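Remember, it's 1-based here, ligands and their atoms both numbered in the order they're listed. As the structure is a computational prediction, the values presented were derived from the model and not from experiment.
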Amino acid sequence: MKEGDIHHAPRRIINVSNRLPVKLAQAEEGLSYTTSEGGLATGLSALFARYESLWIGWPGAEVAAENMAQVSVDLRSQKLAPVFLNAEEIEGYYEGFSNETIWPLFHYFPSKSGFDAHFYECYEQVNRKFADAVIQEAKTNDIIWIHDYQLMLVPQMLRAAFPELTIGFFLHIPFPAYPVFMALPWRKDILEGLMGADVLGFQTYDDVHNFTDSANRVLEVNFVGNEVKAGERTVLAHAFPISIDYRKFQELSESKEVLSASKTLHTLLRGNKLAISVDRLDYSKGIIQRLQAYELFLNLHPEWLGKISYFHLVVPSRDQVRNYRELKEEMDKLISSINGRHATFDWLPIHHFYRSLPPEQLVAMYREADIAWVTPLRDGMNLVSKEFVACNSGRNGVLVLSEMAGASRELNDALVVNPNDTEAFAQIIFEALNMPAEERKQRMKHMRQIVKQADIFKWADDFMEALEEVKSRVLPPSARPFNSIVLERIEAKYCCAEHRLLLLDYDGTLVPFYDQPDAARPDDALLHLLACIAGEPANRLAIISGRDRHTLERWLGHLPLDLIAEHGAWYRVQGGEWESRHDADGSWKTKYIHKLNGFTRATPGALIEEKSYSIVWHYRQCDPFLAQRRVAEIRNALEKNAQAEGLQLLDGNKVLEIRNPAINKGRATRRWLHSEPYDFILAAGDDTTDEDMFKALPTGSVSLRVGSKRSAASFFVKDYKALRRILEQLHHSGFPPNHHSSPVNITAC
Ligand code: ADQ
């Protein structure tokens, strides 16, 4: 990326997919390119007319090193950029990991999935190659749209290189339920890879649910609904059901060529009903189950023998791979057995085509069919069902659709079937053939409206709109980065000040988070630092924390500083006794603890922490999915009463806290501010409860938010280590080492 030309560059979409929409061939007479006008290319064409565009992908053939430069130049004129892959990369990344691990697993065939570490390594390397190709091209205001299961690591690779980039990802195949997904040894890497995107598009809401569920269980994220904050970004997982160019199919179905092909077909059928199926050869498409149901139908309803013609279209695919070869053998055997058993001199139950048909012939079949069987065992969407609906306008045929195809979520007027239920399937074939004309008409009309309205252009527009919306969300006030210039300015103020107040949160601010709250005890370096700062005569240092007073006393009580515990419910001025807020009341807790006990028992890993004036329900150690449900249940059970009693349920970092909202760090801060006049005030904190403290500070104070830019604080710093360095620096500038300081006991407790 060239940073220089960022601001004036026109908006551009860089589309990234495994295959470019061309097929390259290298013959003796030179290089040749055949455009493959797939659905995706059509869908994006309208976008590409509105934006600048570039499409990055593999050109579909291995290119000799001496031809690479030429291929790049040739493709560039079509706004395409090649990623060159050698035979070994194709084998490991594409045929191996993509098609032998991800494809079967994501289509719920875990027993067909191989888990070969070498294939994964190759997948990672090739994803890196794609990411590098994008990085070379991209400018900051480009929109990157990555497609499908072959490139799931690319979003995060791009994000790491350019945090501000707009990145979308669309998965064309299903995302499996967690118990299936967890079989993948690289599940964490895949999820992290995907989380680099701003918008993750899926075909259906089931896929969105499965993805967010897996992300919540495997990663340290907590999708609420279909959104999550990832640092400064929002990640949205949303369903964008893909579709077809309705108009193109509809118009083609009325074209001269199709009408002529339809006529031929019509003559051939001799008044028979036409049933069709159109699939790529794949075990996910339910080819065998459909043939079995058809055979059962013929056995149960012999009156249909000789009166129905089934055109069985299968596009060859991966038939050198064992799973596919076996499927083809089984399919061929079953077809010849059905035909062998039922064929007559002038009738064949199945007309089998094992090839790709020209569009006119395919559309003529869609146009003439009385029934279309679209019955995969699992399918992301399935476009054949939509193509049939777009082309079958005059006939009012019946669509028999598998409930396992994404399309069944939209096409409610299809006859829905479970392809594994052979008896029900055979019965549905019978029903479809006998459906009254008026009912067929109504059903087809509804389905046509749906496909017409939600076509491929709408799909692409909806995705882009979501991407732009997520990126443009107005952020809460943003803290500026802390840098050396800011430090110099603060140092100058610190040095001249005679009465300084420093308010420091503890967990996440001075120490990192740990699974066990007790593990966050202060290390020697921190104790030393706090002792030094607190020991400066001009300083008053207060630790202001949500922790209980006993812990703060045990860990920090020996230092010359003030302690504010439980967000201000308890406090102890240096050298004094612990005092509590006189208006604080903890009598409400018993009832709530009693209710929480039930939830805690039912949630392994959960624990209740009772503080003087609040209760904290910790779920850091729990299964995230279960914890999310429990939090919702607790809210349902307690929220109404809590509100009526003036209490607040507050979400924290893997905790839910029930507390009195009058006790907060803002009030505690004000109490400290009013106790003396100060000419230098610094506050640091890392979470939402610290925002109350920042907001209570007078103008001119220095406020630092650790770990997040979104804050009322004036500056953000990366982590607790960065904050410690700033404090050290201030101490040295305000209190040079040769100065005589009062001795401080820094022994850890
Ligand atoms: P596919 O698995 O390829 O796509 P699908 O959506 O059904 O499945 O598309 C198949 C395409 O191939 C259709 O456009 C169809 O017309 C064409 N086709 C099939 N047989 C043909 C034949 N004999 N001759 C000519 N053309 C033929 C993946 C996912 C799907 C998802 C799409 C789009 O697996 O679930 O719908 O991506 O996102």
Heavy-atom distance from atom 28 (C) of ligand 1 to the protein below 4.0 Å?
no

Electrostatic pair R322:E326 at N-O distance under 4.0 angstrom
yes

Hey, looking at atom 1 (P) of ligand 1, which of Q203, K285, Q361, H172 has the closest heavy atom?
K285

Pick one: which of Y205, F106, F202 meets ring pair (Phe, Tyr, Trp, His ring centres under 6.0 Å) with F211?
F202

Keeping to residues at least two apart or across chains, list the salt bridge (Lys or Arg N to Asp or Glu O under 4.0 Å) pairs with something in residues 392-403.
E368-R395, D370-R395

Does a donor on one side chain and an acceptor on the other come within less than 3.5 Å for D189 and Y120?
yes

Considering only protein heavy atoms, determine whether one is less than 4.0 Å from atom 33 (C) of ligand 1.
yes

Check whether more than 12 heavy atoms from other residues, nucleotides or ligands sit under 6.0 Å from atom NZ of K452, and answer yes or no.
no

Establish whether atom 4 (O) of ligand 1 and some protein heavy atom are separated by less than 4.0 angstrom.
no

Can you confirm whether some protein heavy atom lies under 4.0 Å from atom 17 (C) of ligand 1, or whether none does?
no

The residue among K273, R290, H351, H352 that forms side chain to side chain donor-acceptor pair (under 3.5 Å) with Y310 is R290

For atom 12 (O) of ligand 1, decide whether some protein heavy-atom distance is shorter than 4.0 Å.
no

L383: numbered ligand 1 atoms lying under 4.0 Å from its heavy atoms
5 (P), 6 (O), 7 (O), 33 (C), 36 (O)

